[in-house]
Participant: 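Just passing along the structure, written as structure tokens.
Per chain, numbering begins at 1; letters A, B, ... match sequence-line order.
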There are 2 protein chains.
Amino acid sequence: MNADIRVAIVEDDEEILQLFSLLIENSPGFSCPYTFSNGKDAVENLRPGQVDVILMDIDLPGLSGISCTQLLREQAPNVNIVMLTVHEDDQALFDSLCAGATGYILKETPPSQILGHIQSAFEGGSPMSGSIARRVVKSFHAPRQNSPLSEREREVLGLLCKGQNYKMIAEALFVSPNTIKAHIKNIYRKLEVNTRAEAVSKAHKDRLL
Amino acid sequence: MNADIRVAIVEDDEEILQLFSLLIENSPGFSCPYTFSNGKDAVENLRPGQVDVILMDIDLPGLSGISCTQLLREQAPNVNIVMLTVHEDDQALFDSLCAGATGYILKETPPSQILGHIQSAFEGGSPMSGSIARRVVKSFHAPRQNSPLSEREREVLGLLCKGQNYKMIAEALFVSPNTIKAHIKNIYRKLEVNTRAEAVSKAHKDRLL
DNA sequence: GAATCAATTGCCCATTTGGGTAGTTTTTTT
DNA sequence: AAAAAAACTACCCAAATGGGCAATTGATTC
């Protein structure tokens with residue numbers, strides 16, 4: 001029987017691929033039955049149940065690591081994909097998570113810790129480099145500090161999100177519908193939108209509530 | 001000079017408070033100058049710069065640990081608050097993060113690791129128990145599996161979020177505005193809403209896009 | 001083959017919305 | 001004290017919206 005944690009690697013840099021592949025193969029409890037140098041090969045060859053964890057580079061030739069992650073998660077929803085990258089920018093990070101990545105670690109991570117991260121992913125955790133975890137957590141912190149909206153406007157926007165119209169909002173806030181209309185006009189100007197739907201969308205995207 | 005990581009503890013269980021306080025005080029590199037048995041005392045007595053990390057229980061008498069976190073973050077934005085709790089439910093977790101928590105670890109965590117977590121929080125990381133990290137990461141995964149909307153309807157909803165009207169959406173999808181209207185009616189019925197704003201709001205909240 | 005569902009199109013009509021313009025009052029900042 | 005926001009109110013009007021009713025087509029399911 002084979003109780004090893006089976007790891008696949010998708011990485012176009014031959015040197016790094018070799019490095020990690022050898023590291024994993026030579027560690028008790030781990031095996032590395034598949035390696036791919038591009039996303040297309042990985043998507044075409046990996047089948048559900050063949051591996052437990054996939055180490056995925058983001059900068060791949062052709063199919064990007066993020067698109068590849070999305071496709072692999074669709075055909076094998078239970079696989080744990082850990083992004084392994086030099087990218088520290090928010091865009092790559094959150095795109096990866098939205099694509100279904102389980103973890104996100106930086107390539108500067110020492111090899112000794114890499115194995116721990118793989119194991120963590122396998123055991124139901126979500127390994128992340130420290131600075132990455134902080135950025136993920138920070139994304140929940142309401143950044144209303146740079147909100148261009150006044151307190152009252154946020155209040156109105158909140159009711160807007162509930163599908164209320166001028167009259168309903170007016171009644172809820174004990175003012176005239178005209179006032180609400182004025183507030184909404186100001187909200188539109190500040191958010192650079194011109195419909196309720198767009199205002200609500202922007203409010204959610206920029207976490208203004 | 002004092003290069004210790006200064007830790008405050010807010011915890012109503014005397015036994016646990018003692019346990020952690022002693023653990024921290026007796027570890028080189030750490031000190032525990034403040035302990036509080038309720039949230040009110042912590043908010044009234046802690047001043048910016050006095051401590052680096054706060055261990056916060058969620059179940060506090062009076063002011064909850066979550067409210068306490070929010071208040072402390074307002075008066076000392078740079079402090080790192082690590083929730084220390086038995087709660088594994090999503091509500092407490094995400095409420096804590098939104099309130100400004102930096103980390104979230106379970107009380108079952110072995111004391112040896114607690115110190116590492118405190119250090120991680122101090123160094124710009126976001127310590128989380130494995131299962132917690134996974135739940136945070138999962139919150140980014142689009143759960144469109146239970147979406148009641150058809151592919152086409154999601155497409156329309158997406159354009160709705162951009163503030164487009166019947167005609168614009170119709171042109172974008174090469175169909176008649178009446179068709180779009182029909183789609184939107186169906187979206188309303190399925191999401192149980194009756195305005196664009198509410199539909200967009202619900203779409204974001206339930207991550208339907 | 002029948003039934004169901006998604007996608008498509010059309011029309012009517014009352015209500016709502018968004019944009020423009022023009023004020024007053026209150027609070028906050030300078 | 002003066003200036004600047006923020007909050008409040010009002011009216012006009014064209015355009016957009018939401019709800020109701022009716023129907024065809026194609027694909028999928030039963």
Participant: Output the distance between atom CG (A/Leu157) and atom CD (A/Glu155), rounded to the nearest 0.5 Å.
Facilitator: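 Separation between the atoms: 11.0 Å.
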
Participant: Write down the distance between CZ (A/Arg189) and P (D/dA5), rounded to a whole number of angstrom.
Facilitator: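 Atom-to-atom, A/Arg189 to D/dA5, this comes out as 11 Å.
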
Participant: Measure the distance from CZ on A/Arg196 to C1' on D/dA16 and round it to the nearest whole Å.
Facilitator: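 Whole-Å distance recorded here is 12 Å.
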
Participant: What is the nucleic acid contact for A/Thr179, judged by heavy atoms within less than 4.0 Å: base, sugar-phosphate only, or nothing?
Facilitator: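 Base contact - A/Thr179 has a heavy atom under 4.0 Å of at least one base atom.
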
Participant: Provide, to the nearest angstrom, the distance between the CD1 atom belonging to B/Ile187 and the P atom belonging to D/dT17.
Facilitator: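 Distance, rounded to whole Å: 13 Å.
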
Participant: Is there a donor on the side chain of B/Lys185 or the base of D/dG18 sitting less than 3.5 Å from an acceptor on the other?
Facilitator: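 Absent.
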
Participant: Name the first nucleotide and the last nucleotide along DNA chain C (5' to 3') that come under 4.0 Å of a heavy atom in chain B.
Facilitator: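 Listing 5' to 3', DNA chain C meets chain B from C/dA6 to C/dC12.
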
Participant: How about A/Glu74: does its CD atom have over 12 heavy atoms from other parts shown lying under 6.0 Å from it?
Facilitator: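 Buried by this count: over 12 neighbours within 6.0 Å.
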
Participant: Taking the minimum atom-to-atom distance to the side chain of A/Lys181, which one of D/dT9, D/dC12, D/dA7 wins?
Facilitator: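 Closest of the options to the side chain of A/Lys181: D/dC12.
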
Participant: How about B/Glu44: does its CD atom have over 12 heavy atoms from other parts shown lying under 6.0 Å from it?
Facilitator: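 Yes, enclosed.
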
Participant: To the nearest angstrom, how far is B/Asn165 atom CG from D/dA16 atom C1'?
Facilitator: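 So the two atoms are 7 Å apart, to the nearest Å.
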
Participant: Give a yes/no on whether any side-chain N or O of A/Asn178 is located under 4.0 angstrom from OP1 or OP2 of D/dT9.
Facilitator: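 Negative; the distance criterion is not met.
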
Participant: Starting from C1' on D/dC8, measure out to CD on A/Glu155 and report it in whole angstrom.
Facilitator: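 One finds 14 Å between C1' of D/dC8 and CD of A/Glu155, rounded.
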
Participant: Minimum heavy-atom separation for B/Val43 to B/Arg47, with atom names?
Facilitator: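 Looking at all heavy atoms of both residues, the closest pair is O-NH1, 3.8 Å.
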
Participant: Both B/Phe174 and B/Thr195 contact DNA chain C. Taking the nearest nucleotide for each, which residue is further toward the 5' end?
Facilitator: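 With B/Phe174 and B/Thr195 compared, the 5'-side residue is B/Phe174.
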
Participant: Determine whether more than 12 heavy atoms belonging to other residues, nucleotides or ligands lie under 6.0 Å from atom NZ of A/Lys162.
Facilitator: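 No, not enclosed.
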
Participant: More than 12 heavy atoms of other residues, nucleotides or ligands under 6.0 Å from NZ of B/Lys40: yes or no?
Facilitator: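 Result for NZ/B/Lys40: open.
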
Participant: Taking atom P of D/dA16 as reference, at what distance in whole Å does atom CD of A/Glu198 sit?
Facilitator: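 From A/Glu198 CD to D/dA16 P: 15 Å.
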
Participant: Parallel under 30°, tilted from 30 to 60°, perpendicular over 60°: which one fits the rings of A/Phe140 and B/Phe140?
Facilitator: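 Because their plane-to-plane angle is over 60°, the rings of A/Phe140 and B/Phe140 count as perpendicular.
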
Participant: Indicate whether OP1 or OP2 belonging to D/dG18 is found under 4.0 Å from a side-chain N or O atom of B/Tyr188.
Facilitator: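 Looking at the OP1 and OP2 atoms of D/dG18, one of them is under 4.0 Å from a side-chain N or O of B/Tyr188.
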
Participant: I'd like to know if B/Lys202 pairs up with B/Glu192 as an ion pair, taking the criterion as any Lys NZ or Arg NE/NH1/NH2 lying under 4.0 Å from an Asp or Glu carboxylate oxygen.
Facilitator: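 No salt bridge links B/Lys202 with B/Glu192.
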
Participant: B/Asn80 and A/Arg134: side-chain hydrogen bond (donor to acceptor under 3.5 Å, both in side chains), yes or no, with the steps?
Facilitator: CA-CA 11 Å; B/Asn80 296 300; A/Arg134 176 67 69 105; 3.1 Å; yes

Participant: May I have the distance from A/Ile184 (atom CD1) to D/dA6 (atom P), rounded to whole angstrom?
Facilitator: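 Checked: the CD1 to P distance equals 17 Å.
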
Participant: In whole Å, what is the span from the CD1 atom of B/Ile180 to the C1' atom of D/dA16?
Facilitator: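 Those two atoms, CD1 and C1', are 15 Å apart.
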
Participant: Quick one, give me the B/S/- string for nucleotides 23-30 of chain D, reading 5' to 3', where B means a protein heavy atom under 4.0 Å from the base and S means that only happens at the primed atoms, P, OP1 or OP2.
Facilitator: --------

Participant: Quick one: on DNA chain D, does B/Ala182 or B/Asn194 contact a more 5' nucleotide (nearest heavy atom)?
Facilitator: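 Checking each residue's closest nucleotide, the 5'-ward one belongs to B/Asn194.
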
Participant: Which residue in the set B/Thr69, B/Ile132, B/Leu55, B/Leu97 passes side chain to side chain contact (heavy atoms under 4.5 Å, CB included) when paired with B/Met83?
Facilitator: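 Of all the options given, the one that passes is B/Thr69.
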
Participant: For A/Val193 and for B/Glu153, find the nucleotide of DNA chain C with the closest heavy atom, then tell me which residue's nucleotide is more 5'.
Facilitator: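 That would be B/Glu153.
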
Participant: Quick check on D/dC8: is either OP1 or OP2 less than 4.0 Å from any side-chain nitrogen or oxygen of A/His183?
Facilitator: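 Indeed, a polar side-chain atom of A/His183 lies that close.
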
